Amino acid sequence: MKQQNRKPVVVGIGELLWDLLPTGKTAGGAPINFVYHASRLGAEGFAISAIGDDENGHEILKELDTNSIRYLIDKVPYPTGTVDVELKEDGIPEYTITERVAWDHMSPTAGAVDLAEQADAICFGTLGQRSLQSRETIQAILSFAPDTAYRLFDINLRQHYYDKVLIEESLYLANVLKMNEEEMLQLKDLFGLKGSGEEVATWFMKNYNLKMVVLTGGASYSAVYTPEESSTLPTPKVEVVDTVGAGDAFSAALIMSLLKGSSLEEAHQYAVKIAAFVCSNKGAWPAYE
């Protein structure tokens, strides 16, 4: 039986890497960004991934330690992941993702299964599943997450590292889908859908038994849909430094707020606020006051 008044257990499983920005390198990877922000907002955060036995790997563990993120990290004979990030004029990132790296070679462990069984929220995406080994590992671990946990599939479509089969497998393991506008268009094409964001969200909730769909529209708006209600809010205008990790921060704030008992609208307002804060700072892991 879970203890009362404890911190929520929030898990990110998948890619752990260095974002190589024009201004220097920052720790990242979407599921781990999610954990970083959830930890800052009151969670007991855990990262499940793999690193190489190299300088980048040693440094990224120090980053996790510094930021009080606990972890189950395999050391494998592959380099620690890196991503070259080029920022366009509006601060929107373009990614070149290194292949055959450590997080492509994750293995399921008893510790990871135990952690999944305790999770109040667990976040994963498609990129972390681009290799067969990590795909099987992530899906095996996810299968142990409680039905009551938020199992957030932040679809995170990147380059050629996904297909419809992978997306469907992930949807069946999830109960929350998060996507941005561009990803929604890709999903509409893949699944042969038409209609508005709300109609697409309703279709996915109905066909994959989801309890929530989150749609972010960049500088314009964001929307959160459940079978019973929805919330749409404009994106605040801020001085954008870069948008790296803003969507992950949005998800973390939304889920953490819901775990604390907020209404959908209250949780959405909080998510918008935290995402704006991240956009106005450098990198995916800005310091909280």
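Because the structure is a prediction, the values reported are computed rather than measured.
- Here the CH2 atom belonging to W103 is positioned 12.5 Å from the CD atom belonging to Q133, to the nearest 0.5 angstrom.
- Around CD of E59, the count of heavy atoms belonging to other residues, nucleotides or ligands within 6.0 Å exceeds 12.
- Judged by distance alone, with hydrogens and angles left aside, the side-chain atoms of R151 form a donor-acceptor pair with the main-chain N or O of L173 at under 3.5 Å.
- Donor-acceptor pairing under 3.5 Å is recorded for the side chains of N56 and K25.
- A single hydrophobic cluster is not seen to contain both Y150 and Y225; linkage of ILVMFWY side chains at heavy-atom distances under 4.5 Å, directly or through other members, places them apart.
- The backbone N or O of L21 lies less than 3.5 Å from no partner atom in the side chain of D19, so there is not a single donor-acceptor pair.
- Every residue two or more places apart in sequence or in another chain that forms a side chain to side chain contact (heavy atoms under 4.5 Å, CB included) with S222 is listed here: T216, F250, H268, V272.
- A salt bridge does not link K194 to E199: none of the charged side-chain nitrogens sits closer than 4.0 Å to a carboxylate oxygen.
- In this structure a side-chain-to-backbone donor-acceptor pair under 3.5 Å is missing from T98 to V83.
- In the hydrophobic clustering of this structure, V9 does not group with L259; members are Ile, Leu, Val, Met, Phe, Trp, Tyr whose side-chain heavy atoms approach within less than 4.5 Å, directly or through other members.
- By the side chain to side chain contact (heavy atoms under 4.5 Å, CB included) test, D53 is found to be paired with H58, K75, residues two or more places apart in sequence or in another chain being considered.
- Atoms NZ and CD1, from K178 and I255 in turn, are 11.0 Å apart once rounded to the nearest 0.5 Å.
- Counting Ile, Leu, Val, Met, Phe, Trp and Tyr side chains that sit under 4.5 Å apart, directly or through other members, F144 shares a hydrophobic cluster with V113.
- Using modelled atom types, one finds a donor on one side chain and an acceptor on the other under 3.5 Å when comparing Y71 with D65.
- Annotation for G45 and S39: closest pair CA-OG, 3.4 Å, computed over non-hydrogen atoms.
- In the displayed structure, K62 atom NZ is contacted under 6.0 Å by at most 12 heavy atoms of other residues, nucleotides or ligands.
- Heavy-atom neighbours of E86 CD from other residues, nucleotides or ligands within 6.0 Å: at or below the threshold of 12.
- L264 contributes atom CG, which lies 6.5 Å from atom CG of L258 (distance to the nearest 0.5 angstrom).
- Environment of CD in E55: sparse, with no more than 12 heavy atoms of neighbouring residues, nucleotides or ligands closer than 6.0 Å.
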Checklist entry - Could you go step by step and tell me if S263 and E266 meet the side-chain hydrogen bond (donor to acceptor under 3.5 Å, both in side chains) rule? => result CA-CA 5 Å; S263 69; E266 289 168 340; 3.3 Å; yes
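- Residues passing the salt bridge (Lys or Arg N to Asp or Glu O under 4.0 Å) test with R40, sequence neighbours excluded: none.
- Judged by distance alone, with hydrogens and angles left aside, the side-chain atoms of D189 form no donor-acceptor pair with the main-chain N or O of Q186 at under 3.5 Å.
- When atom types are taken as modelled, the side chain of T226 and the backbone of M212 share no donor-acceptor pair closer than 3.5 angstrom.
- Through side-chain heavy atoms spaced under 4.5 Å, either directly or across other Ile, Leu, Val, Met, Phe, Trp or Tyr residues, Y78 is tied to V76.
- In this structure, R130 does not pair ionically with D163, as no charged nitrogen and carboxylate oxygen lie closer than 4.0 Å.
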Item to check | salt bridge (charged side-chain N to carboxylate O under 4.0 Å, His left out) between D120 and R6, worked out | outcome: CA-CA 11 Å; D120 295 292; R6 60 155 177 81; 2.7 Å; yes
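- Evaluated for a side-chain contact (heavy atoms from CB on, under 4.5 Å) with L171, the options N207, L210, L166 yield exactly one hit, L210.
- Within 6.0 Å of CD in Q159 there are more than 12 heavy atoms belonging to other residues, nucleotides or ligands.
- Of the possible donor and acceptor atoms, one in the side chain of S143 sits under 3.5 Å from a partner among the backbone N and O of A140.
- Remark: K273 NZ is loosely packed, at most 12 non-hydrogen atoms of other residues, nucleotides or ligands lying under 6.0 Å away.
- Residue pairs satisfying the ring-ring contact (aromatic ring centres under 6.0 Å, His included) criterion with at least one member in residues 156-189, sequence neighbours excluded, are listed as follows: Y172-Y208.
- Checking side-chain atoms of S230 against main-chain N and O of V224 turns up no donor-acceptor pair under 3.5 Å.
- Between the N175 side chain and the A149 main chain, a donor and an acceptor come within less than 3.5 Å of each other.
- In summary, the side chains of S170 and Q129 do present a donor paired with an acceptor at a separation below 3.5 Å, with no hydrogens or angles considered.
- From I13, atom CD1 reaches atom CG of L16 across 12.5 Å, with rounding to the nearest 0.5 Å.
- Once rounded to the nearest 0.5 Å, the distance linking CD of E183 with OG1 of T126 reads 7.5 Å.
- At most 12 non-hydrogen atoms from other residues, nucleotides or ligands lie less than 6.0 angstrom from CG of N209.
- A side-chain donor from one of Y221 and E181 sits under 3.5 Å from a side-chain acceptor of the other.
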Item to check | Worked verdict on T235 versus S220 for side-chain hydrogen bond (donor to acceptor under 3.5 Å, both in side chains) | outcome: CA-CA 5 Å; T235 301; S220 302; over 6 Å; no
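- In this structure, CD1 in I32 is found 7.5 Å from CG in L64, a value given to the nearest 0.5 Å.
- With hydrogens and angles disregarded, a donor-acceptor distance shorter than 3.5 Å links the side chain of K188 to the backbone of G195.
- A donor-acceptor pair is defined here as one N or O able to donate and one able to accept, closer than 3.5 Å; such a pair exists between the side chain of D54 and the backbone of T80.
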